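In what follows, a single structure is set out as structure tokens and then discussed.
Everything numeric here is computed off the predicted structure, so don't read it as measured data.
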Amino acid sequence: MNLRKILILSIVLLMGTQTLSANYAFYRKVANTCKFYRIPVDEKKMILTQNLDGSYSFSIELESTTRNNFEMPMLVAFISVGQAINHQQSFAKKKPGYTPVIPGNTAVSVVIPLSRENTIITAKATAEQVRQLTDGKIDTAGFMRLIKNSIETL
């Protein structure tokens, strides 16, 4: 009985380790890509959640450095998520048995300093839309047209 408990505990820890390292790798790739484009990012404002059906959702909040530019941080966030998805897929090809973290939906919030109270603009995109943007199959204007119905101002 004692050996069984140890075995079950070790399996749970092993599976949890893969999920934690996958989350960390995903966050790091997103943060590094944002920093490459000189968009400040706080990893505490990134949330990767696993849904009940096993799929993932990702949300990120960025701050715009200028009052009239919300598109640049928003596009960089979506590109960063696409880069992280590509990284997860390439890692899964190299390591057998590894399950890549691919969020089905991505939500991006951009905080814009317009006045005393900030304006927040949010947008959502599917994994396929993000992949098309990242792989260069559509340009940034085409991507913004794809997600235009999901854009909201709060």
So the salt bridge (charged side-chain N to carboxylate O under 4.0 Å, His left out) pairs with at least one residue in residues 51-64 (sequence neighbours excluded) are Lys45-Glu61, Lys45-Glu63

Give me the atom names and distance for the closest heavy-atom approach of Thr33 to Gln83. OG1-CB, 3.9 Å

Inter- and intrachain pairs under ring pair (Phe, Tyr, Trp, His ring centres under 6.0 Å), touching residues 63-88, at least two apart: Phe78-Phe143

Strictly distance-based, threshold 3.5 Å: is any side-chain N or O of Asn51 a donor or acceptor partner for the main-chain N or O of Gly54? no

If you look only at pairs with a residue in residues 140-154, which of them pass as a salt bridge (charged side-chain N to carboxylate O under 4.0 Å, His left out), with sequence neighbours excluded? none

Do Ile85 and Pro103 come close enough that some side-chain heavy atom pair is under 4.5 Å? yes

State, yes or no, whether a side-chain contact exists between Phe26 and Val81 at a heavy-atom distance under 4.5 Å. yes

Any pair counted as salt bridge (charged side-chain N to carboxylate O under 4.0 Å, His left out), so long as it reaches residues 68-92, sequence neighbours left out: none

The complete set of salt bridge (charged side-chain N to carboxylate O under 4.0 Å, His left out) pairs with one or both residues in residues 123-135, sequence neighbours excluded, reads Glu128-Arg131

Quick one: does Phe58's side chain get under 4.5 Å of Val101's, heavy atoms only? no

Members other than Leu154 in its cluster, when Ile, Leu, Val, Met, Phe, Trp, Tyr link by side-chain heavy atoms under 4.5 Å? Val111, Ile120

Hydrophobic cluster of Ile47, others only, ordered by chain and residue number, side-chain cut-off 4.5 Å: none

Say whether, by atom type as modelled, one donor and one acceptor occur between the side chain of Tyr37 and the main chain of Met72 under 3.5 angstrom. no

Counting distance only, does the side-chain N/O of Ser64 pair as donor-acceptor with the main-chain N or O of Asn69 below 3.5 Å? yes

For Gly82 and Thr134, which heavy atoms make the closest approach, and how far apart are they? CA-OG1, 3.2 Å

Report the residues that fulfil side-chain contact (heavy atoms from CB on, under 4.5 Å) with Phe91, sequence neighbours left out, ordered by chain and then residue number. Lys95, Tyr98

For Glu43, enumerate each residue passing the side chain to side chain donor-acceptor pair (under 3.5 Å) test, keeping only those at least two apart in sequence or located in another chain. Arg28

